[in-house]
Amino acid sequence: MQEPAGRSHRLKAFPAAAVKFSRALDRNRERIAEEEGLTASELRALFYVGEHVRVTPKQLASHMHVTTAAITLIARRLVAIGMLSRADHPDDRRSVILELTPLAHTTMERIHSEFDQMVSDATAHLDERQIAEFTRSLESVAVAVAEHTARINAAKAAATI
């Protein structure tokens, strides 16, 4: 029996550019995690807590699509290295609140500053109007993709009931 000829499955035009952009961001995030001595999941957790200020492990698990047991392991490690603090939940004695520590705030500020500079350098050839239009377009596409994914997830969840 003869092996089938190799086939390439490549996207074209905007979808290809979107994937290329996404992969570049992924590689940058992996680089940051490695430089900070973190796993990709730990860095994602820090970004989420940093954005939302105070979160429960359940909220973080839901955002990251992992179990609360997985978040417990991630949180323990981040607490141990001084990046997260745990406090008793004011309304639920069975839960805790996760917050960034001063060290994590300093780290996040540096990461954001470096990211802002990288994006500024990457878009230096664009004028203000082009950047504003690109921003609107990128936000619009991101919302549409998120809505599409949510619809598919909802349909799959409904089908399993």
Side-chain angles (χ1 to χ4, degrees), residues 11 15-124 131 134-161:
L11 296 168
V19 168
K20 190 175 190 177
F21 180 66
S22 177
R23 286 179 181 157
L25 291 177
D26 286 344
R27 283 191 298 276
N28 187 60
R29 191 172 24 258
E30 290 164 3
R31 177 194 60 78
I32 292 167
E34 184 177 324
E35 287 177 3
E36 298 299 329
L38 302 169
T39 67
S41 294
E42 291 166 348
L43 185 63
R44 280 186 63 212
L46 285 177
F47 269 87
Y48 186 79
V49 175
E51 185 177 348
H52 293 87
V53 184
R54 305 178 82 214
V55 302
T56 65
K58 185 176 180 179
Q59 290 169 320
L60 186 55
S62 176
H63 166 73
M64 294 181 64
H65 303 285
V66 298
T67 64
T68 52
I71 291 303
T72 297
L73 294 174
I74 291 169
R76 279 185 188 155
R77 163 106 160 83
L78 292 172
V79 167
I81 63 172
M83 294 293 236
L84 280 185
S85 65
R86 296 169 53 119
D88 292 336
H89 193 290
D91 303 321
D92 182 355
R93 62 188 172 118
R94 296 168 297 158
S95 187
V96 297
I97 297 291
L98 302 172
E99 297 178 289
L100 296 182
T101 63
L103 172 63
H105 282 291
T106 300
T107 300
M108 295 301 289
E109 288 166 3
R110 182 175 37 75
I111 290 169
H112 281 184
S113 176
E114 290 172 3
F115 186 80
D116 285 346
Q117 186 61 54
M118 178 186 71
V119 171
S120 179
D121 291 348
T123 58
I131 289 174
F134 182 62
T135 300
R136 283 189 298 278
S137 296
L138 192 57
E139 287 175 351
S140 173
V141 170
V143 166
V145 169
E147 288 171 351
H148 174 82
T149 302
R151 281 192 306 274
I152 290 172
N153 288 340
K156 285 181 180 180
T160 61
I161 294 176

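Side chains are part of it too, since the values below use all heavy atoms of this structure and drop only hydrogens, waters and symmetry mates. The structure presented is a predicted model; accordingly, all values stated were derived computationally and were not measured.
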Side chain [X], main chain [Y], donor-acceptor under 3.5 Å:
X    : Y    : result
T123 : V119 : yes
T135 : I131 : yes
T107 : L103 : yes

Sequence neighbours left out, what passes side-chain hydrogen bond (donor to acceptor under 3.5 Å, both in side chains) with E109? Give chain and number order.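 Residues passing side-chain hydrogen bond (donor to acceptor under 3.5 Å, both in side chains) with E109: none at all.
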Option passing side-chain contact (heavy atoms from CB on, under 4.5 Å) with P57 (candidates I97, T72, L98): L98
Run the side chain to side chain contact (heavy atoms under 4.5 Å, CB included) test on L38 and L78 for me, step by step, so that the C-alpha distance in whole Å, both residues' side-chain angles and the decisive distance to 0.1 Å come before the verdict. CA-CA 9 Å; L38 302 169; L78 292 172; 3.9 Å; yes
Set out, in order, the CA-CA distance, both residues' side-chain angles and the distance that settles side chain to side chain contact (heavy atoms under 4.5 Å, CB included) for D121 and Q117, then state yes or no. CA-CA 6 Å; D121 291 348; Q117 186 61 54; 2.7 Å; yes
In terms of heavy-atom contacts, does [atom1] of [X] have more than 12 from other residues, nucleotides or ligands at under 6.0 Å?
X    : atom1 : result
E114 : CD    : yes
R31  : CZ    : yes
R110 : CZ    : yes

Is the closest basic N to carboxylate O distance between D26 and R29 below 4.0 Å?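 A salt bridge is present here (some side-chain N lies under 4.0 Å from a carboxylate O).
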Restricting to pairs with a member in residues 97-116, which pass ring pair (Phe, Tyr, Trp, His ring centres under 6.0 Å), not counting sequence neighbours?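 Every pair satisfying ring pair (Phe, Tyr, Trp, His ring centres under 6.0 Å) with a residue in residues 97-116: F47-H112.
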Is the shortest heavy-atom distance from the side chain of I111 to the side chain of E36 under 4.5 Å?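 Touching, per the 4.5 Å side-chain cut-off.
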Which distance, rounded to the nearest 0.5 Å, do you find between the [atom1] of [X] and the [atom2] of [Y]?
X    : Y   : atom1 : atom2 : result
L84  : L46 : CG    : CG    : 5.5 Å
M108 : M83 : CE    : CE    : 8.5 Å
S62  : Q59 : OG    : CD    : 8.5 Å

Listed partners of Y48 passing ring pair (Phe, Tyr, Trp, His ring centres under 6.0 Å), at least two apart: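 Partners of Y48 by the ring pair (Phe, Tyr, Trp, His ring centres under 6.0 Å) criterion, ordered by chain and then number, come out as H52, H63.
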